Amino acid sequence: MFPCDFAWGAGTAAYQIEGGWQADGKGPSIWDTFCHEKKGRVFGDQNGDVSCNSYELWEKDLECIQQLGLTHYRLSLSWARLLPDGTTRHVNQKGVQYYNKVIDGLLACNVSPMVTLYHFDLPQALQDQGGWKSPGIATLFDSYAKFCFQTFGDRVKLWLTINEPYVCAKLGHEDGIHAPGLKEPGIAAYLAGHNMLRAHAMAWHSYNSTYRATQKGAVSLAINSDWLEPSRAEIMRSAIDAQSKKLGYNGSSRLPSFSKEEPAILGTADFFALNYYTSRKVEPGGGCGKALSMKTDRDAAEVLDPSWPICGVSWLAVVPYGLRKLLKYIKYTCNNPAVYITENGFSQVGPLQIEDVQRSEFYKDTVLEVAKAIQEDGVNVRGYFAWSLLDNFEWADGFSVRFGLFHVDFADANRRRRMYHSGREYAKLISEYKTLS
Ligand code: GAL
């Protein structure tokens, strides 16, 4: 049912689990600043200073990974841990040692790493120079990427350059609810998104020309997408150009155009990396306001179907069949690419529920939809990564929202990890499907 080399994984991200925010020469990232600088930004004014303390407790994470029987583990590198000021002028060898330990530890247990270069945590030093809004960031990212390919690429074969450019651009630069906390609607998110795509493309081309032949890996970027059922076509370019004109914005569009002189963006994904959590029904409307914003540009309203259960956080309606529809859509619109589902998960809030039956059911139902997508729809799905291995720092929701397959006791100095019922069930699922394949 699943191919025998199917990747059964779980994921995490550096800022969400590592802690050690100042350990061994790490530089500050925008999330360190975002959490420390002002009260009221994160639930309970919490931060990722210690979080799961994976910087010191990595071996415990490895035990969790083994207990689940994963074949793959998705982690991200902290740019500021490796290059404290964001540039290759100064390499933090302790950071290199840490990730070498993680990667070697995984491989020794027969677990393949999937490594994300950027999961929301820009070095603060680069933010101080304009961050993702500044065109020069693409070259700096490319240097960082080349450094990582050079240092870890002998062992890492699956790379993701940037996690969720849309989320990073919108929540960080338009809504201001993620780092760097900018609220510049209708402008900054487009610049940031544009530069993230340029940065990704440069890194892909570097890999392609310099490392691919010897390292034989694959590079993509993780795109988050809900399943949205449109009731009419929406074309981003023409919509933003038209809205810019209508609002008299400087006589030009707020959506930058890619220059022909730069490395091509089309074709810079060796596989499709999909983060899927939820679905929405989409209706026309919402764009009649005068204000500049992504919402008015988009001119579409998203609604929930009342029959969809909400789990933990308000945005997460549980719709496993949406994933199958989205996979099928990707097959037909993107020329049947290899797809890794790089994130998918279920959150809990409130009192501790180790016997999290609902989450177990969620994983069963969702993996079944993936199986149908492979078998009945012929989608080339190569892997599935549950989000997340551990309860962790859920960005603006702090530790109030729990996505883990392992519970982490954040009140305990040793950050004790305890398998949820859903962890046991996910492990069972993996082992059953492995025997069938
Ligand atoms: C994604 C993000 C993850 C995680 C997840 C659950 O957008 O990449 O880091 O927080 O959402 O909300």
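These numbers were taken from a predicted model, which means no experiment stands behind them. Heavy-atom basis, side chains included; hydrogens, waters and symmetry copies ignored. We count ligands from 1, going down the list as the structure has it; atoms in each ligand are counted the same way. This chain uses plain numbering: 1 for the first residue, then up along the sequence.
The nearest heavy-atom contact from the protein to atom 5 (C) of ligand 1 is Tyr277 OH, 3.2 Å. Here the heavy atom of the protein found nearest to atom 7 (O) of ligand 1 is Glu164 OE1, 2.4 Å. Among all protein heavy atoms, the one lying closest to atom 12 (O) of ligand 1 is Glu394 OE2, 2.6 Å. Among all non-hydrogen protein atoms, the one lying nearest atom 2 (C) of ligand 1 is Glu343 OE1, 3.4 Å.
Atoms of ligand 1 found under 4.0 Å from any heavy atom of Phe403 (numbered from 1 in listed order, with element): 6 (C), 12 (O). Of all atoms in ligand 1, listed by their number and element, those nearer than 4.0 Å to a heavy atom of His119 are 2 (C), 3 (C), 8 (O), 9 (O). Close contacts between ligand 1 and Trp395 involve ligand atoms 3 (C), 4 (C), 9 (O), 10 (O) [criterion: under 4.0 Å to a heavy atom].
Judged by distance alone, with hydrogens and angles left aside, the side-chain atoms of Thr151 form no donor-acceptor pair with the main-chain N or O of Cys148 at under 3.5 Å.
No side-chain heavy atom of Asp356 sits less than 4.5 Å from a side-chain heavy atom of Arg402.
Looking at ligand 1, you won't find any N or O of Asn275 less than 3.5 Å from one of its N or O atoms.
Within the 4.0 Å heavy-atom criterion, the part of Trp315 lying near ligand 1 is the side chain and not the backbone.
Other residues, nucleotides and ligands place no more than 12 heavy atoms under 6.0 Å from the OH atom of Tyr329.
Under 3.5 Å, the side chains of Glu164 and Asn224 contain no donor-acceptor pair of N or O atoms. Between the side chains of Tyr276 and Glu343, not a single donor N or O lies within less than 3.5 Å of an accepting N or O.
Under a 4.0 Å heavy-atom criterion, Asn163 is in contact with ligand 1.
Val367 and Tyr433 make their closest contact through CG1-CE1, 3.4 Å (heavy atoms, listed as atom of the first residue, atom of the second, distance).
For the side-chain contact (heavy atoms from CB on, under 4.5 Å) test with Tyr144, the passing option among Thr139, Leu82, Thr161 is Leu82; the others fail.
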